[in-house]
K.L.:
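Quick one: the structure is below, questions incoming.
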Amino acid sequence: MNAPATPELPVAVIGAGPSGLAAAAHLLDQGIEPLVLEAGRQAGAAVREWAHVRLFSTWGEVIDPVAEKLLASTGWTRPDPDTYPSGGDWAEQYLQPLADTLGHRVRLGTTVTGVSRTGRDRIVDADREQQPFVVHLIHADGREERIFARSVIDASGTWATPSPAGGSGLAALGEHSASDRITYRVPNLKNPATRARYAGRRTAVIGSGASAFTALAYLADLAKSKDGTGTKGVWILRRGISGSTFGGGEADQLPARGALGLAAKAAVDEGHADAVTGFRTEAVERDTDGRLTLVGEDGRRLDSVDELIVLTGFRPDLSFLNELRLDLDERLQAPAELAPLIDPNQHSCGTVYPHGHRELSHPEPGVYLVGMKSYGRAPTFLAMTGYEQVRSVAAAIAGDLTSADRVELTLPETGVCGGAGLFDTSDAGETDSGGCCATTPPLAQLGTPAAVGATAEEAPAGGCCSS
């Protein structure tokens, strides 16, 4: 295996989503050639799968500054920074033009199946750091390829690996066999076929974050429509309900995100959804008529539902990184240095501490997990976090440690206490868990907000803080 000299090689960037494309722009800005490897057939393939969901971040918060500079040179017109894009808007008006500008540096339909050091599996120490990385690929037509890289930035996200319904982190008994009635995404109720699937039906929604809020708000809207009479939601919460359950409300510095939580509360208050608390799913049983019965770990059996929407978060796919020496937190599967800053078991209500290449590095020099994947199983990632991550990482790869270490990140506050990872069963436990906010914000009933939906990266569910 004859690999070219490392300085002559590109940096392999896995994923042509928001963080991956921004990483490529920052590398070019540093005079380094990137090669973006995207499994989907279009840039922003994961974002396009929730094209119908509106972000709660504005355009001004989801465009990387260096990428904008690159786009400006092509005559690209920036959308109104104060308006809220949908996932489809973000993909078509920003991610696709950015990928087009990067041109041949973005390879579509290319799945990474393995990353290692040239001639060295993870066991071998000898001369390891002097060897370039080798990346194994499979193309959409089945053709296999091997490329070499000086460094690897994994921005592949977590969208392809949603968490299951089971309360133990494993699929509930019967979950796989009931897959025809289960979705792990927020349904697009503007699509006639999807709308007909849920209209007039009883649907359970499992989850406690932004995606669950969105699904509940959508189902409530359907229930109020002429073709949705009889539509009913059942909101399954693993914890109890407290002041923090519905997010930051009017105290949230991202107003659309706060309104989203209030819309979920309105769905319950107005009778369009029933809340079931402290329920951890053990099994999904199919009735003789095909409907589903959820069975809890405590033996409770809920009334049957027609459909199940599981929005319990996402987890990283680490399978193709097995030959690399990574230092990952045992709980979150995030870089060990970053994990304490984002751990939902301890994460309080402030902003996330600024972090960059040092918190994202591993025992294998030159490898970085960035974007949503850097958070592992932790929730509520924002695009601006990923943009600052890749700016620092690109500077570090270029050898500009002064710039790489000058990390600045200011994120909007949520005003809510308590992390998504706490195993709470009572209101008191939830209210006291965080201890970081002076008061719980007042909650008012609102209709579905004009801008609802995803975090500005890949829409994971759960969490309380704007991490």
K.L.:
Whether the side chain of Glu38 engages the backbone of Gly40 through a donor-acceptor N/O pair (distance < 3.5 Å, no angle test) should be reported.
P.N.:
yes
K.L.:
Please lay out, stage by stage, how Leu338 and Leu369 fare under the test side chain to side chain contact (heavy atoms under 4.5 Å, CB included).
P.N.:
CA-CA 11 Å; Leu338 175 62; Leu369 275 59; over 6 Å; no
K.L.:
Could you note down all residue pairs passing side-chain hydrogen bond (donor to acceptor under 3.5 Å, both in side chains) where residues 301-311 supplies at least one of them, sequence neighbours left out?
P.N.:
Arg197-Glu307, Glu285-Arg301, Asp287-Ser304, Arg291-Asp306, Thr293-Ser304
K.L.:
Compare every heavy atom of Val36 with every heavy atom of Ala24, then report the nearest pair and how far apart it is.
P.N.:
CB-CG2, 3.7 Å
K.L.:
Just by distance, do the side chain of Asp269 and the backbone of Ala266 share a donor-acceptor pair under 3.5 Å?
P.N.:
no
K.L.:
Going by salt bridge (Lys or Arg N to Asp or Glu O under 4.0 Å), name the residues that satisfy it together with Glu92, two or more places apart in sequence or in a different chain.
P.N.:
Arg48
K.L.:
Taking the side chain from Asp343 and the backbone from Pro340, do they hold a donor-acceptor pair closer than 3.5 Å?
P.N.:
no
K.L.:
Tell me whether the rings of Trp76 and Tyr94 are parallel (<30°), tilted (30 to 60°) or perpendicular (>60°).
P.N.:
tilted
K.L.:
Are more than 12 heavy atoms from other residues, nucleotides or ligands located less than 6.0 Å from atom CD of Glu337?
P.N.:
no
K.L.:
Do you know the tightest heavy-atom contact between Val295 and Phe279?
P.N.:
C-CZ, 3.5 Å
K.L.:
Who pairs with Arg201 by salt bridge (Lys or Arg N to Asp or Glu O under 4.0 Å), at least two apart in sequence or on another chain?
P.N.:
none
K.L.:
Measure the spacing between CZ of Arg377 and OG1 of Thr161 and express it to the nearest 0.5 Å.
P.N.:
9.0 Å
K.L.:
Identify the two heavy atoms, one from Val284 and one from Thr281, that lie closest to each other, and give their separation to 0.1 Å.
P.N.:
CG2-CG2, 4.3 Å
K.L.:
Using side-chain heavy atoms (C-beta onward) and a distance below 4.5 Å, is Trp50 in contact with Ser211?
P.N.:
no
K.L.:
Can you see which heavy atom on Val390 is nearest to which on Tyr387, and at what distance?
P.N.:
CG2-O, 3.3 Å
K.L.:
Determine whether a donor-acceptor pair (N or O, by modelled atom type, separation under 3.5 Å) exists between the side chain of Trp235 and the backbone of Leu216.
P.N.:
no
K.L.:
Is there side-chain contact between Leu21 and Val106, with heavy atoms separated by less than 4.5 Å?
P.N.:
yes
K.L.:
Nearest 0.5 Å please: distance from the CD1 atom of Ile309 over to the CD1 atom of Ile206.
P.N.:
10.0 Å
K.L.:
Return yes if some donor-acceptor pair links the side-chain N/O of Lys232 with the main-chain N/O of Val305 below 3.5 Å, else return no.
P.N.:
no
K.L.:
Whether the side chain of Glu61 engages the backbone of Thr58 through a donor-acceptor N/O pair (distance < 3.5 Å, no angle test) should be reported.
P.N.:
yes
K.L.:
Report yes if the side chains of Ile14 and Asp154 come closer than 4.5 Å at any heavy-atom pair, otherwise no.
P.N.:
yes
K.L.:
Counting C-beta onward and ignoring hydrogens, is there a side-chain heavy-atom pair between His52 and Val186 closer than 4.5 Å?
P.N.:
yes
K.L.:
So do the side chains of Ser374 and Gln389 get within less than 4.5 Å of each other, counting heavy atoms only?
P.N.:
yes
K.L.:
Over all heavy atoms of both residues, which pair between Arg315 and Pro164 is shortest? Give the atoms and the distance, please.
P.N.:
NH2-CD, 3.5 Å
K.L.:
Which value, rounded to the nearest 0.5 Å, describes the distance between Thr111 atom OG1 and Glu144 atom CD?
P.N.:
11.5 Å
K.L.:
Is His139 atom NE2 crowded by more than 12 heavy atoms from other residues, nucleotides or ligands, each under 6.0 Å away?
P.N.:
yes
K.L.:
If you define the side chain from C-beta out and look only at heavy atoms, does anything of Val66 sit under 4.5 Å from Arg391?
P.N.:
no
K.L.:
Supply the atom-to-atom distance Leu37 CG to Ile153 CD1, rounded to the nearest 0.5 angstrom.
P.N.:
11.5 Å
K.L.:
Going through the distances and angles, do Tyr198 and Thr183 end up as a side chain to side chain contact (heavy atoms under 4.5 Å, CB included)?
P.N.:
CA-CA 12 Å; Tyr198 295 95; Thr183 183; 3.3 Å; yes
K.L.:
How about Leu321 and Lys373: do any of their side-chain heavy atoms sit closer than 4.5 Å?
P.N.:
yes
K.L.:
List the steps, then state whether side chain to side chain contact (heavy atoms under 4.5 Å, CB included) holds for Leu382 with Ser57.
P.N.:
CA-CA 8 Å; Leu382 292 178; Ser57 297; 4.2 Å; yes
K.L.:
To the nearest 0.5 Å, what is the distance between NE2 on His272 and CG on Leu219?
P.N.:
11.0 Å
K.L.:
Working to the nearest 0.5 Å, report the span between CG of Leu294 and CG of Leu308.
P.N.:
5.5 Å
K.L.:
Below 30° counts as parallel, above 60° as perpendicular, anything between as tilted: where do the rings of Tyr375 and Phe381 land?
P.N.:
perpendicular
K.L.:
Between Val115 and Glu323, is the side chain to side chain contact (heavy atoms under 4.5 Å, CB included) condition met? List the steps.
P.N.:
CA-CA 7 Å; Val115 183; Glu323 293 306 316; over 6 Å; no
K.L.:
Quick check against the 3.5 Å criterion: does Ser225 have a side-chain atom that pairs as donor or acceptor with the backbone of Ala223?
P.N.:
no
K.L.:
Using a 3.5 Å distance criterion without hydrogens, assess whether the side chain of Tyr184 forms a donor-acceptor pair with backbone atoms of Thr312.
P.N.:
no
K.L.:
Can you tell me if Arg195 uses its side chain to pair, donor with acceptor, with the backbone of Leu189 under 3.5 Å?
P.N.:
yes
K.L.:
Between Arg185 and Pro162, what is the shortest heavy-atom contact and its length?
P.N.:
NH1-CG, 3.4 Å
K.L.:
Can you find a pair of side-chain heavy atoms, one from Leu102 and one from Leu70, that are under 4.5 Å apart?
P.N.:
yes
